[in-house]
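In what follows, every chain begins at residue 1, and chains take the letters A, B, ... in the order their sequences are listed.
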2 protein chains.
Amino acid sequence: MLDFAVLGLLMERARHGYELKRALGELGFWKVSFGSLYPALRRLEKRGAISAVSGTGRRKAYQITDEGLKIFDTLLKADPDASETERAFQIRLAFLGHLPRERRVQVLEGRRTKLSTNLKSAREILIDARSNTENQDRYRLALMEHAMATTESDIAWLDGLVAAERGVASQN
Amino acid sequence: MLDFAVLGLLMERARHGYELKRALGELGFWKVSFGSLYPALRRLEKRGAISAVSGTGRRKAYQITDEGLKIFDTLLKADPDASETERAFQIRLAFLGHLPRERRVQVLEGRRTKLSTNLKSAREILIDARSNTENQDRYRLALMEHAMATTESDIAWLDGLVAAERGVASQN
DNA sequence: GACGTATATATCGAATCGATATAGACTGGT
DNA sequence: ACCAGTCTATATCGATTCGATATATACGTC
């Protein structure tokens, strides 16, 4: 998924490693390490998805190639499987604008469904935990409750995004 | 940190691997993989922190040893360094009840401070992104905004936990 | 022009993931 | 009684990612 993210960022313009790391961090959910990023760049270069265009000083800027564009497109269009991670979803979301509206809504609703399912089982687990004398630890319960509240808020946020897509019929 | 979590769960009672995986997942934040868990169990066994007590059928239940108790205690009391992960904090929180109230409040407030700092820089980045013609992508901005909102809600939650600690003077 | 700080690339070992293999235990249907 | 299917459970593999550290360049400032 890091490869997907890197390609997505390079779609806009050429960037060097450090800049990619910063950009990913600024999206707010992934402080990727150098130990992940630089190997990823070499991986992508070896696959012919990106190519180095030397920058000032020590910098090595990379630009996406035609092959890279093809790979990005494939990853973008692949429909997210059920086991997709929180992080994978967020990366997908960061580049969702590249998909047509109809597909965007599909992705958002797929995620919504998954979170709803998670929430339902979390509720059951919580009820169980509360009625279980052994699991009465205050902080454990607080963690579970907070995780649920966060999921609920995520769902509401997704609903907002879907509503925005449906409301703005003139776009795309 | 997985070692810490495993030891913490084994503090209550002996458990086998599958059960530990389930219990960690039910806390709501970590669906640990078998590829992490089983090696971790062997790691801990080799260190003498846990010992196998055979269960029914294929099960291998583990119990915490005296050495394990010592290790858990050390990890529990170590003050969380600034670079501590979201996940590491949550594990710490799950076992926070083992610390005296004064220390619990310290841990919560330390986390609060860190989140506040994150939030401040996120705000700056967002302002920057909005005034940057290049970064106008709707979904990117939505991601950043949602991440901020989630952090704000996390802070409020921490405040609630601290208030609960301070309010209940009779406990511990 | 020396000094400290921010920028930038690189690499190592260890932890973790995701997928897969294997097999025992329980359940329901015939 | 037996077989099929599903759930439980342990184990292992290769690839990814992390966290720490090393090193070098650019830049401001005194």
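Placement of B:Val32 and B:Met11 within a single hydrophobic cluster is found when ILVMFWY residues are connected by side-chain heavy-atom separations under 4.5 Å, directly or transitively.
Salt-bridge check for A:Arg140 with B:Glu12: passed, with a basic side-chain N closer than 4.0 Å to an acidic carboxylate O. In summary, A:Arg111 and A:Glu86 engage in a salt bridge, as defined by a charged side-chain N under 4.0 Å from a carboxylate O. A:Arg112 has no carboxylate O lying under 4.0 Å from a charged side-chain N of A:Glu109, or vice versa, which leaves the two without a salt bridge. Salt bridge absent: B:Glu84 and B:Lys114 never bring a charged side-chain N and a carboxylate O closer than 4.0 Å. Between A:Lys21 and A:Glu26 no salt bridge is recorded (no basic side-chain N to carboxylate O distance below 4.0 Å). In summary, A:Lys77 and A:Asp73 engage in a salt bridge, as defined by a charged side-chain N under 4.0 Å from a carboxylate O. Between A:Arg103 and A:Glu165 there is no salt bridge, since no side-chain N of the basic residue sits under 4.0 Å from a carboxylate O of the acidic one.
Rounded to whole Å, the distance from CG on B:Leu24 to C1' on C:dA15 is 15 Å. Between the C1' atom of D:dA11 and the NZ atom of B:Lys60 lies a distance of 9 Å, rounded to the nearest Å. Regarding A:Glu84, its CD atom lies at a distance of 17 Å from the C1' atom of C:dA19, rounded to whole Å. Rounded to whole Å, the distance from CE on B:Met1 to P on C:dC17 is 15 Å. Here the P atom of nucleotide D:dT23 and the CZ atom of A:Arg58 are 12 Å apart, to the nearest Å. Rounded to a whole Å, the CZ atom of A:Arg87 is 10 Å from the C1' atom of D:dT16.
Using a 4.0 Å cut-off on heavy atoms, the residues of residues 34-50 of chain A that approach DNA chain D are A:Gly35, A:Ser36, A:Arg43, listed by number.
The phosphate of D:dT16 (OP1 or OP2) has no side-chain N or O of A:Trp30 nearer than 4.0 angstrom. Applying the 4.0 Å criterion to OP1 and OP2 of C:dG18, one finds that A:Thr85 has a side-chain N or O inside that range.
Ranked by how close their nearest DNA chain C nucleotide is to the 5' end, A:Asp81 and B:Asp3 are led by B:Asp3.
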> Which is it for A:Arg13 and A:Glu19 under the salt bridge (charged side-chain N to carboxylate O under 4.0 Å, His left out) test, yes or no, and what are the steps along the way?
Replying inline: CA-CA 11 Å; A:Arg13 58 182 170 79; A:Glu19 207 179 348; 2.8 Å; yes
>> Within the 4.0 Å limit for protein heavy atoms, which parts of nucleotides 3-8 of chain D are touched? Write it as a string from 5' to 3', B for base, S for sugar-phosphate only, - for none.
In response: -----S
